[in-house]
Amino acid sequence: MGPLVLKYPVQKLILLLFLALAVVPVLNILFHIFFTPGVFRTTLASFNLYTWRLLGQSLLLATAVALLATLSGTALGFFLFRSDLPGRTLLRTLLLIPLFLSPYLLAVAWKDLFFLSTGTTAFITSPAGVVLVLTTLYTPLAMLIAGTALAAIDISYEESGWLLAGRRNTLLHITLPLIRPALFSAFVMVFIFTLSEFSVPAVLGVKVFTTEIFTRFSAFYDHTTAIGQSAVLVGICFLLLAFEARYLSEAPFLSLGRRGGHAGLYRGRGLRRVGLFFVLFWLGMSVVLPFAVLTGQAFHGGMAVMARALALLLPAAPSSLLLAAGGGMLILITGAAAAWRRPGTPPSPLNRGFDLLLLLLFALPATVLGIALIHFYNRPSLAFLYGGPAIILVGYTARYAFLAARLTGNALRQLPASFDEAARLAAIPPLRRLLHIHLPLLLPALAASFLLGFILSLGELGTTLMVYPPGTTLLPVKLYTLMANAPQPLTSAMTLVVMSITFAATTLAYLLLSRLLKRSPYAASR
Amino acid sequence: MQPAVEFRHITHAYGSREVIHDLSLTVAAGSITTLLGSSGCGKTTLLRLLAGLETPAGGEVYLHGTCVTRGSRLLVPPERRGVGFIFQDLALWPHMTVLENVAFALRSRHDADAGGRAHTLLDRLGIGDQAQKYPHQLSGGQQQLTAIARALVLNPSLLLMDEPLANLDVKIKKEILTLIRSLHEREGLTILYVTHDHREAFSLADTVVVMREGRIVESGTVGEIKRSENEYVRSFLEY
């Protein structure tokens, strides 16, 4: 066994580095508010009627989006995980598309849609418009959470209900109560994401609490107030997570090839019809229509507009892709280190502690994280980090390492302890066990972690916008700054260019990883 | 003759639930001993304690006269105990072929003829022609034989088997039991075999140990157990 520090020293080193680089800045900001004389008082004084109204508006928007997304996500989850709908695997995948795009791209697409169909953007640039866009954005997440919970229900619970009370009663009184914790989790998660979301309200020009913090910080250079207001959001997120930490931290919906669960399918022609109508309607509304309109608008100004969009954005592509790849790798390494334990064993206190820390950073509003990083790193002694792309990589890792930790943790949980025990009894050394037994079996989860980290880093705007050093040009930042003064066709064309680059890079990364997986020993075992 | 295994006053708990209570047991070298009892009586825990995969709360474990575990201290780690273990789920590494599964331990010891030796063993067990297949491509019986080959490849003096035949049909079960018997006779192996099926236990064992709730209820030869007056043993054998 040996002392705690000597066991898995590389893991401890990675986690220590992460603590120092990403967690300490967030703790530092809280320390600054509560222990620097006058800051707490200034923060309190900054809360006038206008600020309270913005906070209230943010909370209302978050409640509405969480409610709508949970309801529609549960319905979609039911049809796509528990009914015999034809093509449900493909439909599930298509519906997840919005989750993999940067939210502001979706906002531009919706703006285009309303402009084209009504001739005005009045509705979409109102709080109701933000609710609409964010509901379409987060419904797939709620679908994933509710659907996974539905799929994990043991069929025998429901079969006994069907025999005694019929399918409708079983659905209402057995199935739904059984997935209540998942529904609550979906609500909390969407609520936190909406409350933290900066880019959609910013693109749609709707003032909310996160845009106010950004304005205070970037336009008025009122750092003290911005930091104080950030603390309020941090407090709300912490409070909500305290209720839900256990379930969200387990995040069973973040698994590959999940075991267990013998859920049966609800069948029937009527159900299939209703299901197909609802799913296709949602797919059309949330994916097909906005992107079709965006494409139409992008080409509306002719090829010259598209050429201009390409000329403006292509120079930023290489650095964006490179940083996103670096981010994906760091996210994978940090997440895997946080989740690592001997396969088949329950999470250690270290795993659980980091799970919670990563979840908190994941839920932290991107702008708040940005402010925390600037506040901590903006000093001469740390200029080597603050003045270069390293600060952006710290931001990416802090934001998304939770996802990699969950994917790896859930994959580790599925490896039977006996795989490792059999190797230990055969006197196979730890490094050889890691390289020849554990890593090949974890490869799909590690590849998925990298891919997810890469995609999300490529589209990250909230933190990047705050911390990017002068001279660094990145796609999301460039698009965001250009679109403020660009005519609508050029904005659409630029959005389409960013989407295409994201799609092409993701497809390429996916193909490369699939090839790697096919050549790996893991593929042979399937 | 020195016993192969000795448990002295072993106690073990999972959290606050004590699963082994002051248990002592001696296993003769070169014997086949079956631990018989219903689910949750502590049979598997006893095997895991012997292999060093778990540590007891109290007591001592001896292997061939050497104390390998004292209280919660592992004096000899699992990899140096020289035991073969066949897990209930077999634990065949799914990404390795049958040959790789068996040869892996030898290759880790830089054995230049790892493949050849593993192949010879597979041939002896009658599955040499399956060497290039993956575990999921095998029948239940073939998977079982692969697990046996993997456990035997380092020539252990003690083989621990945790309900290895639980999911096999009667015919295959019979064939594998015969094979285990012949391996035992040929190699002089000491085998500790866990099962909840008394027919399986009786067809294989020299000594049968009946367990209940972490305690030994009765132990003896097959004949002695069959004639036992103990009420629990009698009721257990009725099923």
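The chains referred to below are lettered A, B, ... by the order of the sequence lines, with proteins before strands, and numbering in each begins at 1.
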**OP:** Check whether more than 12 heavy atoms from other residues, nucleotides or ligands sit under 6.0 Å from atom CZ of B:Arg109, and answer yes or no.
**Re:** yes
Original post:
Is any side-chain heavy atom of A:Arg432 less than 4.5 Å from a side-chain heavy atom of B:Phe104?
Top reply: yes
**OP:** State, to 0.1 Å, how close A:Ala426 and B:Leu154 come at their nearest heavy-atom pair, and which atoms those are.
**Re:** O-CD1, 3.6 Å
Subject >> Best-contacting candidate, B:Glu79, B:Arg48, B:Arg107, against chain A by heavy atom pairs under 4.5 angstrom >> reply: B:Glu79
Original post:
Within a reach of under 6.0 Å around CZ of B:Arg73, are more than 12 heavy atoms found that belong to other residues, nucleotides or ligands?
Top reply: no
Original post:
With only heavy atoms counted, which part of A:Ala423 is less than 4.5 Å from chain B, the side chain, the backbone, both or neither?
Top reply: both
**OP:** Please tell me if the side chains of A:Ser418 and B:Phe85 come closer than 4.5 Å, counting only heavy atoms from C-beta onward.
**Re:** no
Original post:
Okay, side chain of B:His95, backbone of A:His438: is any donor-acceptor separation there less than 3.5 Å?
Top reply: no
**OP:** Look up atom CG in B:Asp89 and atom CZ in A:Phe419, then write down how far apart they are to the nearest 0.5 Å.
**Re:** 7.0 Å
Original post:
Does the side chain of A:Ile437 reach to within under 4.5 Å of the side chain of B:Met96, using non-hydrogen atoms?
Top reply: yes
Original post:
For A:Arg180, does the CZ atom sit with more than 12 other heavy atoms under 6.0 Å from it, leaving out its own atoms?
Top reply: no
Original post:
So do the side chains of B:Phe87 and A:Leu425 get within less than 4.5 Å of each other, counting heavy atoms only?
Top reply: yes
Original post:
Which region of B:Leu92, side chain (C-beta onward) or backbone (N, CA, C, O), has a non-hydrogen atom less than 4.5 Å from a non-hydrogen atom of chain A, or is it both or neither?
Top reply: backbone
